[in-house]
Structure formats: C-alpha cells, structure tokens
Amino acid sequence: MDVLVTLLLASVTQTATLLAESRQMIGLAAAILAAMLAAQIGWHGTDRLLAWKSRPDED
C-alpha cells in the first residue's frame, strides 16, 4: 500500500512541476497567437476601410 501511495504522490508532484514549468511556454504561445490574430484583424479591417473609402459615391 505504501508503494501505491508513493507512486501516486510522485505522479502528482511531477504533474504539478511540469505544469508550473510549462506555464511560461503556454503564455508565450498564447501571446504569439493573440498578436497574429490582432494583425490579421487589423489587416482585414484596414483593407475593408480602404475599399469603402475608394468607392465612388452612389447617390
């Protein structure tokens, strides 16, 4: 029974350590993804705005 508890405790400790160490990498990946999404939305919005401005008035 002691061996089972020791293995379970070791597994939980390793998982907690892995998550704590990978938190920075997850944050970096999320920041890069957010920057790429913002750039794509900005590019698309600017393109739409320029297309709208260049249309002749249709009155």
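Heavy-atom basis, side chains included; hydrogens, waters and symmetry copies ignored.
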Open item on the list: Given 3.5 Å as the limit, does a donor-acceptor pair link the side chain of S11 with the main chain of L7, or not?
Closed with: no
Task: I32: hydrophobic cluster co-members (side-chain, 4.5 Å) - done: L28, M36
Open item on the list: If hydrophobic residues (ILVMFWY) are linked whenever their side-chain heavy atoms come closer than 4.5 Å, directly or via other members, who joins W52 in its cluster?
Closed with: L49
Open item on the list: Tell me the closest heavy-atom pair linking L9 and T13, and the distance in Å.
Closed with: O-OG1, 2.7 Å
Open item on the list: For a side-chain contact (heavy atoms from CB on, under 4.5 Å) check, start with the C-alpha distance between I41 and L37, then their side-chain angles and the critical distance, and finish with the verdict.
Closed with: CA-CA 6 Å; I41 290 172; L37 184 60; 4.0 Å; yes
